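Structure, as structure tokens:
Start at 1 and go down the list; that is how both ligands and their atoms are numbered. This structure is a prediction, so every number in the text was calculated from the model and none was measured. The figures that follow rest on heavy atoms only: side chains count, while hydrogens, waters and symmetry mates do not.
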Amino acid sequence: MERNFPYDTEDLWNKDREHVIHPWQALKDQHEEGSLILAESDNIYIYDSDGEKFIDGPGGMWCVNIGYGRDEMADAIADQIRRMPYYSPFGALGTPPAAELGAKIAELAPGDLDKVFFTTGGSTAVDSAIRFVQFYFNMAGKPDKKHIISREDAYHGSTYLSASLCGKPADKSRFDFITDTIHHLPSPNPYRRADGQSIEDFCDEKVADLENKILEIGPDKVGCFIAEPILASGGVVVPPPGYHARTLEVCRKYGVIYISDEVVTGFGRLGHFFASEDVFDLVPDIITCAKGLTSGYLPLGATIISRRLYDDVAGENSKGEYFANGFTYSGHPVSCAAALKNIEIIEREELCAHVRDVGPYMQQRLEELYELPLVGNVRGSHLMGCIECVADKATKAKFDEGVDVGKRVDRHCQARGLILRPLGGLCVFSPPLTINREQIDRMVDIMAESVEATMVDLRSEGLWNG
Ligand SMILES: Cc1ncc(COP(=O)(O)O)c(C=O)c1O
């Protein structure tokens with residue numbers, strides 16, 4: 001397709017800089033560095049307002065699973081807008097797309113998770129899961145069961161409640177959080193385990209962390225454990241083998257509800273619609289999802305609750321109460337229509353099977369980057385990946401924050417036509433699921449060249465002598 005770029009980049013850049021506050025905006029740089037204005041897109045590629053083309057390493061923000069430029073998504077969205085752009089979802093009001101999507105998600109979700117509460121995104125899906133747990137134990141006459149266990153390196157969202165569940169140290173400054181009922185276990189990051197510790201012993205330790213925390217707080221006070229199957233924004237942390245099923249066993253033993261936060265891992269990223277059971281042998285009580293649910297074409301999230309838990313508070317058991325939680329745009333019909341078309345595309349094009357094919361290839365190619373002296377660790381699974389740059393490979397020592405090594409690698413990648421997501425010393429990526437082997441080769445080659453270029457810079461600036 002012939003593209004034109006009728007954009008006045010400088011004008012956009014100035015307007016953006018003057019008037020838009022971005023999520024995770026580095027306030028210091030706001031008046032020095034303009035934003036990259038991304039204007040056009042196609043499959044795994046995005047173009048800036050001057051027409052510069054990039055491979056989209058992060059898949060938008062872990063979400064553009066089916067890739068960009070899908071006409072049938074535009075048609076499905078336009079069609080729904082013409083039929084009914086919006087109606088209230090409150091009480092007993094519904095729309096055809098929300099009803100169809102609820103049934104479809106119930107069909108795809110594991111175990112008896114077949115009750116779907118629609119939200120506006122991932123944070124509100126997490127909030128709604130926690131609010132359901134609170135409601136559930138209040139209804140059960142166990143109002144003390146309110147404590148929540150999360151983990152360091154976790155990311156669960158940016159509302160007051162979901163942000164309080166997060167465990168990324170960099171996000172914790174100058175904000176207030178709920179601290180009396182929310183607890184964080186040490187990160188299950190195998191790369192940072194003690195020297196000489198086996199992976200099996202590390203797993204035992206992380207499972208024991210959970211059990212010990214429940215016993216310390218008191219099982220009659222712990223409501224739920226919330227965990228991403230792979231900690232995404234915390235740096236693509238893949239817990240040790242066996243960890244997921246064993247932490248579920250611990251939760252079962254003490255009557256603690258298990259919430260699996262699949263906002264990133266859901267809808268194909270790990271080669272299945274949901275990773276909990278198919279990848280990690282875990283059927284949780286609640287799953288939260290968003291992002292890949294619509295491939296980012298429109299905002300939508302969902303909290304999927306087990307029939308068993310739902311039945312405990314519904315029907316005769318409801319005692320006439322309402323689940324007084326929700327949003328004007330819960331189950332927005334246009335977003336639901338987009339999600340239905342998105343799921344149809346994932347199924348028709350067999351994108352989950354494609355990810356099971358090319359995902360291991362991407363991981364295998366990434367392993368090559370470990371040869372580079374700056375790279376302390378490469379990790380991931382299927383189409384989630386991370387390279388961790390360290391100052392000292394032997395001791396795993398990190399660079400000082402000011403060095404911003406991830407940003408340096410990303411800048412070199414951008415100059416070569418690839419965008420990554422830098423997070424301190426980490427670069428994470430999760431390309432659209434449509435990526436093929438040749439495109440993976442190009443992506444990894446650019447990363448290798450960019451890490452090498454970063455090594456040259458760091459040496460010449462006297463910041464590193466590796
Ligand atoms: C695991 C996880 N949970 C929740 C969220 C929050 O989702 P949202 O930004 O749609 O509110 C994110 C966002 O990155 C996430 O990665």
Side-chain angles (χ1 to χ4, degrees), residues 21-25 56-65 117-132 148 150-168 170-171 177 182 184 187-189 224-239 244 258-270 274-276 279-280 282 284 286-304 326-327 329-332 335 338-339 342 380-386 420-423 426 428-430:
I21 306 172
H22 293 252
W24 272 257
Q25 170 95 48
D56 181 15
M61 176 62 107
W62 320 94
C63 59
V64 186
N65 288 8
F117 184 84
F118 287 116
T119 70
T120 53
S123 306
T124 48
V126 167
D127 276 17
S128 294
I130 301 291
R131 298 202 76 206
F132 179 81
I148 305 164
S150 181
R151 298 170 301 177
E152 285 166 11
D153 283 341
Y155 184 76
H156 295 295
S158 194
T159 57
Y160 186 36
L161 176 52
S162 62
S164 298
L165 299 168
C166 295
K168 290 170 62 188
D171 297 344
F177 298 99
I182 294 181
H184 293 89
S187 171
N189 183 353
C224 64
F225 173 55
I226 180 161
E228 299 157 83
I230 292 180
L231 295 86
S233 305
V236 188
V237 171
V238 187
H244 299 81
Y258 196 116
I259 303 170
S260 184
D261 184 353
E262 293 228 38
V263 165
V264 168
T265 54
F267 295 91
R269 184 137 305 279
L270 299 183
F274 292 99
S276 293
V279 183
F280 296 110
L282 155 86
I286 299 176
I287 288 178
T288 49
C289 62
K291 296 191 189 271
L293 173 57
T294 58
S295 282
Y297 278 66
L298 285 175
L300 185 68
T303 308
I304 317 166
F327 313 96
Y329 300 130
S330 285
H332 194 288
S335 298
N342 173 61
S381 178
H382 297 82
L383 291 184
M384 288 175 80
C386 173
L420 294 179
R421 182 157 173 235
L423 294 162
L426 314 175
V428 301
F429 39 94
S430 49

How far is atom 3 (N) of ligand 1 from its nearest protein heavy atom, and which residue and atom name does that atom have? Asp261 OD2, 2.7 Å
Note, Glu228 side chain near Val264 side chain (heavy atom, < 4.5 Å): no
Exercise: do Ser128 and Thr119 side chains pair donor with acceptor under 3.5 Å: no
Quiz question: by atom type and distance under 3.5 Å, do the side chains of Asp261 and Thr288 form a donor-acceptor pair? yes
Could you tell me whether some N/O pair between Val263 and ligand 1 is separated by less than 3.5 angstrom? no
Show me which atoms of ligand 1 lie under 4.0 Å from any heavy atom of Val264. 16 (O)
Counting from 1 in the order shown, the ligand 1 atoms closer than 4.0 Å to a non-hydrogen atom of Gly122 are 6 (C), 7 (O), 8 (P), 10 (O), 11 (O)
Heavy-atom distance under 4.5 Å between the side chains of Thr303 and Phe132, does that happen here? no
Tell me the protein heavy atom at minimum distance from atom 9 (O) of ligand 1, and give that distance in Å. Ser123 OG, 4.2 Å
Taking atom 14 (O) of ligand 1 as the reference point, the nearest protein heavy atom with its distance: Lys291 NZ, 3.0 Å
Should Pro299 and Thr120 count as side-chain neighbours, where that means a heavy-atom distance under 4.5 Å? no
Test item: Lys291 and Phe267 side chains (from C-beta on) under 4.5 Å apart, heavy atoms: no
Which atoms of ligand 1 sit under 4.0 Å from any heavy atom of Gly157? 6 (C)
May I ask you to list the atoms of ligand 1 that are less than 4.0 angstrom from any heavy atom of Glu228? 1 (C)
